[in-house]
2 protein chains.
Amino acid sequence: MSAETTYADWIAVDWGTSRLRVWAMGRDGTVRARAASDEGMGGLDRDGFEPALLQLIEPWLGTGIQPVMACGMVGSRQGWAEVPYETTPCTPTALRPMAVPTQDARIRLFIMPGVSQASPVDVMRGEETQISGFLVEEPSFDGVVCLPGTHTKWVHISAGEVVSFQTFMTGEMFQFLSEHSVLRHGIAADGTDETVFAETVSDAISRPEKMAQRLFSIRAEGILQGLTPQAARARLSGALIGAELAAARPYWLGQQVVVAGAPGLTALYSQALGAQGVDTRVLDAGPLTLMGLGRAYATISETIS
Amino acid sequence: MSAETTYADWIAVDWGTSRLRVWAMGRDGTVRARAASDEGMGGLDRDGFEPALLQLIEPWLGTGIQPVMACGMVGSRQGWAEVPYETTPCTPTALRPMAVPTQDARIRLFIMPGVSQASPVDVMRGEETQISGFLVEEPSFDGVVCLPGTHTKWVHISAGEVVSFQTFMTGEMFQFLSEHSVLRHGIAADGTDETVFAETVSDAISRPEKMAQRLFSIRAEGILQGLTPQAARARLSGALIGAELAAARPYWLGQQVVVAGAPGLTALYSQALGAQGVDTRVLDAGPLTLMGLGRAYATISETIS
């Protein structure tokens, strides 16, 4: 790649527990290059972050000083540097990233703060940047954003502020149960069964307390009744998403809900909410992260230029 | 060890997913020797079972033919040989183990069947033998036996029969969440906090639908409010056991409940049930397995002698 096409105005970094993703950005928000690795926060000690980042962005560095805007678990206590949480209610588009010293003088690193909530006690890191990106596009949004993922967030937004939010471990439980638990023997690696999914969501919403036995019944049905691996996968995701919806009811009942995440997952949430009579709008979360980091870059570049 | 003291009348085998345990038994039920290994069913292919067993029991084999009575996942589809399920209602003390051919002529292997239930669909393998052992001691028991473990079973027993049962994945979820999920950072390896446990059980029973958010709040409280690792452990076990009790209510409400399992775990169940006004009797499950296998050995030895 030539220097002209890849040299970035700034670099965007989404650094989660298991993945590191970087983008070479133009000042106008265009993506000039991208790269990714498995050097997530979870596998690095404090001295490992800078080499892991440089390994990916080295080709983009020139003779000047490159601003790097990062969000996610990189800012947690186990991350590169701990960035204190902002507390709710707060304005995602006004969050101030923290300058973090680096060994390499060619980069100038900023890490976004997470958001915490005192009651019910809760935390987020990374999603605040996606919400900022969303609010850059829709500053007058009033309603609920659902961000399904490893730790799904339901976020109530009004007047540009995060009013309250709630986290569910649904994604992490799905991953464990489908890949590592006794259920793994009978669960397909992908695909779904829309009818089985819808039935299971409905059952889980109406009887959420039966979770731990509903999960084991997937195993028993596989053994005794020949439940197919695809139907088993649909049943597992239906059981977990249905239980989540039962608990998140105050967030979606009678609300305008935006579901932002990876496409396959947002489709499941949209279907489950639709069956409850809730209209959803689905967004791909990827661009939201870049828009949120871009917003933070704009704030910083006013200060430093 | 000398031949006189270790030579067994028969050999008892408890072969689960992760552990293999064997006992050299006297005809009168005395244990003459014991051994164990990590060669559980989960890590063996079909040809691996016999060598794994012989490695432990070789010192006990003499010149005659040694009966070996086995129960647990060794009889599952992924085990040494698949032993068909008996269906509920059934009489545990009358279960007939299946003869399974071996390469080594010095042993004569029998594997216990599991028990299945058509509706609600469910299966057990191993617990039927513990229940048989319990009924050998208390043939007229009428009530409920709770067997906490990786897959906790609640079993309704009447007139010597298993009338119905229900499985909960509580133990497997505890293990995953405490050792592998995001919660692992803040959870002690052992110990508990009785007050926190009691509070969390009570909250989980009254609002079981809040499971996935209750779990994540353990993480958030650790970060924001300094929840101690011991209190976090108590909160996790309280959340999971409380949700199980909410779902298993028809099994324990107004019933006589026997809790049989590993001592630390049965104490937690007994405390949680006690707070709901349920009197429990606690048993160590280990001897029940040997009594149940002994019952099956007695049945077989009448046939083969």
Side-chain angles (χ1 to χ4, degrees), chain A residues 17 42 73 76-78 85 87 114 116-118 120-124 150-154 166-173 175-177 180-183 185 204-205 207-225 227 240-249, chain B residues 17 42 73 76-78 85 87 114 116-118 120-124 150-154 166-173 175-177 180-183 185 204-205 207-225 227 240-249:
Chain A
T17 302
M73 293 302 285
S76 70
R77 199 171 297 170
Q78 292 91 23
Y85 293 100
T87 55
S116 70
Q117 176 175 272
V121 60
D122 214 327
V123 289
M124 64 168 72
T150 305
H151 299 147
T152 299
K153 309 285 177 185
W154 288 81
Q166 198 104 56
T167 304
F168 296 84
M169 289 185 61
T170 307
E172 188 166 8
M173 287 173 71
Q175 192 185 355
F176 155 68
L177 290 164
H180 302 289
S181 83
V182 68
L183 305 182
H185 302 295
I205 288 181
R207 295 188 298 171
E209 77 283 1
K210 299 209 177 284
M211 172 73 102
Q213 93 198 50
R214 188 174 292 114
L215 294 178
F216 191 78
S217 75
I218 296 170
R219 164 91 174 145
E221 282 185 49
I223 293 172
L224 299 179
Q225 301 176 346
L227 186 73
L240 293 172
I241 291 173
E244 178 182 323
L245 292 189
R249 196 186 299 265
Chain B
T17 302
M73 294 301 287
S76 71
R77 200 171 297 168
Q78 292 91 25
Y85 293 100
T87 55
S116 69
Q117 175 175 273
V121 59
D122 214 326
V123 290
M124 65 168 71
T150 304
H151 298 148
T152 297
K153 309 284 178 186
W154 288 81
Q166 198 103 57
T167 304
F168 297 82
M169 288 184 62
T170 306
E172 188 166 8
M173 286 174 71
Q175 192 184 355
F176 155 68
L177 290 165
H180 303 289
S181 83
V182 68
L183 304 184
H185 302 295
I205 289 181
R207 296 186 299 171
E209 77 283 1
K210 300 210 176 284
M211 171 75 104
Q213 92 197 50
R214 187 175 292 115
L215 295 179
F216 191 78
S217 76
I218 296 170
R219 165 90 174 144
E221 282 185 50
I223 293 172
L224 300 180
Q225 301 176 348
L227 186 73
L240 294 171
I241 291 173
E244 178 182 323
L245 292 189
R249 195 184 300 266

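Heavy-atom basis, side chains included; hydrogens, waters and symmetry copies ignored. To find a chain, count down the sequence lines: A is the first, B the second, and so on, and within it residues start at 1.
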| B:Asp122 vs A:Gln213, side chain to side chain contact (heavy atoms under 4.5 Å, CB included): CA-CA, chis, key distance, verdict | CA-CA 9 Å; B:Asp122 214 326; A:Gln213 93 198 50; over 6 Å; no

Quick one: which of [options] has the most heavy-atom pairs under 4.5 Å with chain B, could you say?
options: A:Thr167, A:Leu177, A:Leu183; value: A:Thr167
options: A:Arg77, A:Arg249, A:Gln166, A:Glu221; value: A:Gln166
options: A:Thr17, A:Thr170, A:Val182; value: A:Val182

Which atoms of [X] come close to chain A, meaning under 4.5 Å heavy atom to heavy atom: side chain ones, backbone ones, both, or neither?
X: B:Gln117; result: backbone
X: B:Leu240; result: neither
X: B:Ile223; result: both
X: B:Met124; result: neither
X: B:Ala118; result: backbone

| query | When only pairs under 4.5 Å are counted, which of B:His185, B:Glu244, B:Lys210, B:Glu209 shares the most heavy-atom pairs with chain A? | reply | B:Glu209

| request: Tell me, out of B:His180, B:Met211, B:Gln225, who's got the most heavy-atom pairs with chain A below 4.5 Å. | output: B:Gln225

| message | Please evaluate residues B:Glu172 and A:Phe176 with respect to the criterion side chain to side chain contact (heavy atoms under 4.5 Å, CB included), reporting the C-alpha separation (whole Å), side-chain torsions for both, the decisive distance (0.1 Å), and the verdict. | response | CA-CA 10 Å; B:Glu172 188 166 8; A:Phe176 155 68; 3.8 Å; yes

| task | Report yes or no: does A:Arg219 contribute a side-chain atom to a donor-acceptor pair with the main-chain N or O of B:Val123 at less than 3.5 Å? | result | no

| request: Evaluate the criterion side chain to side chain contact (heavy atoms under 4.5 Å, CB included) for residue pair B:Phe216 and A:His151; output intermediate values, then yes/no. | output: CA-CA 8 Å; B:Phe216 191 78; A:His151 299 147; 3.6 Å; yes

| message | Nearest 0.5 angstrom please: B:Gln175 CD to A:Ser181 OG, how far? | response | 11.0 Å

